[in-house]
Q: 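What follows is a single structure, and I will ask about it in a moment.
All values below come from the heavy atoms of this structure, side chains included, with hydrogens, waters and symmetry mates left out.
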Amino acid sequence: MLDIQQAIVVEGRYDANKLRQIVNAPVFETAGFGVMNDKKLLSLLRRVAEKRGLIILTDPDGAGFVIRNFLRGALPKDRVLHAYVPDIYGKERRKEKPGKEGKLGVEGMDEATILRALRNAGVQASDSGKERTPITKFDLYACGLSGHEGSQAARKKLLHALDLPERMSANALLQTLNVLYDREEFLRTYSNIGD
């Protein structure tokens with residue numbers, strides 16, 4: 001598994017699942033063209049790009065390039081890398097027939113092809129000398145953000161205060177918080193939000 005300093009943005013959940021099997025990095029989804037109408041998601045991606053750097057990895061078809069070009073114009077250019085997978089014709093196993101252009105998407109690429117695309121984009125390995133204490137699921141539980149009656153309302157309040165997308169699950173919230181904050185910084189921020 002390749003440890004990557006930057007976060008990665010892909011089109012959908014199957015792409016994200018594929019990446020999570022081969023890299024150790026936060027992976028965000030655009031929900032296809034959904035990112036174009038989701039101001040909170042776009043704001044989150046900007047914050048992630050500023051804080052950690054962002055790699056855009058979209059499918060090699062027309063739709064993938066529309067999404068990539070939209071993000072290229074919306075995100076800070078000096079904090080974004082572009083990884084490209086090659087045009088390989090075929091269909092993903094889960095699909096009955098190939099996509100409109102007949103090309104494999106990120107989810108259909110083999111591990112070596114994806115790792116090569118990431119390395120060619122100039123990814124950085126994680127800085128092992130800079131240890132951060134991660135925010136854990138227990139921290140979310142201890143703060144009342146999961147596993148309690150009222151956790152959903154507490155998460156919604158936090159998401160609103162941090163200007164994050166309101167439909168974010170507890171797991172997505174945990175990943176995002178670990179990109180934006182270390183544990184102590186998060187606990188301070190959360191205590192300032194108030195109950």
Q: Same hydrophobic cluster for Tyr181 and Val179, using side-chain heavy-atom links shorter than 4.5 Å among ILVMFWY?
A: yes
Q: Got more than 12 heavy atoms from elsewhere within 6.0 Å of OH, Tyr141?
A: no
Q: Please report the shortest heavy-atom distance between Ile135 and Asp182, naming the atom on each side.
A: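 Smallest heavy-atom distance, with atoms named: CD1-O, 4.1 Å.
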Q: Determine yes or no for a side-chain-to-main-chain donor-acceptor pair under 3.5 angstrom, with Ser43 supplying the side chain and Lys39 the backbone.
A: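 No; judged by distance alone, with no hydrogens or angles, the pair does not exist.
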Q: Are Leu57 and Ile88 joined in one hydrophobic group, where the rule is that I, L, V, M, F, W and Y side chains link up if heavy atoms are under 4.5 Å apart?
A: yes
Q: Would you find a donor on one side and an acceptor on the other, under 3.5 Å apart, between the side chain of Asp59 and the backbone of Asp61?
A: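 Side chain of Asp59 to backbone of Asp61: no pair is present.
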Q: Where do Val48 and Leu180 land on the side chain to side chain contact (heavy atoms under 4.5 Å, CB included) test, with the steps shown first?
A: CA-CA 7 Å; Val48 169; Leu180 299 175; 4.3 Å; yes
Q: To the nearest 0.5 Å, how far apart are CZ in Arg119 and CD1 in Ile114?
A: 12.0 Å
Q: Is the positively charged end of Arg183 above the ring of Phe186, judged by distance under 6.0 angstrom from the centroid and angle within 45° of the axis?
A: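 Judged by the rule (NZ or CZ under 6.0 Å from the ring centre, within 45° of its axis), Arg183 is not positioned above Phe186.
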Q: CZ/Arg79 to NZ/Lys51 distance, rounded to the nearest 0.5 angstrom?
A: 10.5 Å
Q: Going from CG on Leu173 to CG on Leu158, what distance comes out if it is rounded to the nearest 0.5 angstrom?
A: 5.5 Å
Q: Might you point out which heavy atoms bring Leu174 and Lys137 nearest each other, and give the distance in Å?
A: CD2-CG, 3.6 Å
Q: Quick one: closest heavy-atom pair of Phe28 and Ala7, and the distance?
A: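 Smallest heavy-atom distance, with atoms named: CE1-CB, 3.9 Å.
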Q: Is a donor on one side and an acceptor on the other found under 3.5 Å between the side chain of Lys18 and the backbone of Val106?
A: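 It does not hold such a pair.
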Q: Has the side chain of Arg13 got a donor or acceptor atom that lies under 3.5 Å from a matching backbone atom of Glu29?
A: no
Q: Looking at Pro86 and Pro60, what are the two nearest heavy atoms and their distance?
A: O-CG, 3.7 Å
Q: Yes or no on side chain to side chain contact (heavy atoms under 4.5 Å, CB included) for Gln6 and Leu54, after CA distance, side-chain angles and deciding distance?
A: CA-CA 5 Å; Gln6 299 95 335; Leu54 194 63; 5.9 Å; no
Q: Do Val123 and Val23 pass the side chain to side chain contact (heavy atoms under 4.5 Å, CB included) test, and can you show the C-alpha distance, the side-chain angles, and the key distance before you say yes or no?
A: CA-CA 11 Å; Val123 299; Val23 299; over 6 Å; no
Q: In this structure, which one of Leu71, Val9, Ile56 forms a side chain to side chain contact (heavy atoms under 4.5 Å, CB included) with Val80?
A: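 The single option meeting the side chain to side chain contact (heavy atoms under 4.5 Å, CB included) with Val80 is Ile56.
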Q: Membership question, hydrophobic clusters at under 4.5 Å side-chain separation (ILVMFWY): are Ile8 and Met1 in the same one?
A: no
Q: Please say whether more than 12 non-hydrogen atoms of neighbouring residues, nucleotides or ligands are located less than 6.0 Å from CZ in Arg72.
A: yes
Q: Which pair of heavy atoms, one from Gly144 and one from His148, lies closest together, and at what distance?
A: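 Taking Gly144 first and His148 second, the nearest heavy atoms are CA-CD2, 3.5 Å.
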Q: Work out which heavy atom in Asp139 is nearest to a heavy atom in Pro134; give both atom names and the distance.
A: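 Closest heavy-atom pair between Asp139 and Pro134: OD2-O, 3.9 Å.
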Q: Are the side chain of Arg52 and the backbone of Gln5 linked by a donor-acceptor contact shorter than 3.5 Å?
A: yes
Q: Given Val66 and Met36, is the side chain to side chain contact (heavy atoms under 4.5 Å, CB included) satisfied, shown in steps?
A: CA-CA 10 Å; Val66 169; Met36 296 178 179; 3.4 Å; yes
Q: Should Leu42 and Val35 count as side-chain neighbours, where that means a heavy-atom distance under 4.5 Å?
A: yes
Q: Treating Ile, Leu, Val, Met, Phe, Trp and Tyr as nodes and any side-chain heavy-atom pair under 4.5 angstrom as an edge, say whether Leu41 and Phe33 lie in one connected cluster.
A: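 Leu41 and Phe33: one cluster.
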Q: If you draw the axis of the six-membered ring of Tyr84, does the NZ or CZ of Arg68 fall within 45° of it and under 6.0 Å from the ring centre?
A: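 Geometry flag: set, cation within 6.0 Å and 45°.
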Q: Got a sec: does the NE2 of His160 have more than 12 other heavy atoms crowding it under 6.0 Å?
A: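 No, because the 6.0 Å sphere around NE2 of His160 holds 12 heavy atoms or fewer from other groups.
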Q: Please check if atom CZ in Arg93 has more than 12 non-hydrogen atoms from other residues, nucleotides or ligands closer than 6.0 Å.
A: no
Q: Look at the side-chain heavy atoms of Ile, Leu, Val, Met, Phe, Trp and Tyr, link any pair under 4.5 Å apart, and say whether Ile67 and Phe65 land in one connected group.
A: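 Different clusters: Ile67 never reaches Phe65 through Ile, Leu, Val, Met, Phe, Trp or Tyr contacts under 4.5 Å.
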Q: Any sub-3.5 Å donor-acceptor pair from Asp15's side-chain atoms to Glu107's backbone N or O?
A: yes
Q: With no hydrogens and no angle check, is any side-chain donor or acceptor of Gln175 less than 3.5 Å from a backbone partner on Val27?
A: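 Yes, because the side chain of Gln175 sits within donor-acceptor range (under 3.5 Å) of the backbone of Val27.
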Q: Supply the atom-to-atom distance Gln152 CD to Leu145 CG, rounded to the nearest 0.5 angstrom.
A: 12.0 Å
Q: Within the structure provided, determine whether Leu187 and Cys143 are in side-chain contact (heavy-atom separation under 4.5 Å).
A: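 In short, these two side chains touch, coming nearer than 4.5 Å.
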Q: Looking at CG of Leu115 and CG of Leu19, how far apart are the two atoms once the value is rounded to the nearest 0.5 Å?
A: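 Taking CG in Leu115 and CG in Leu19, the distance rounds to 9.0 Å.
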Q: Measure the spacing between CE of Met109 and CD of Glu92 and express it to the nearest 0.5 Å.
A: 8.0 Å
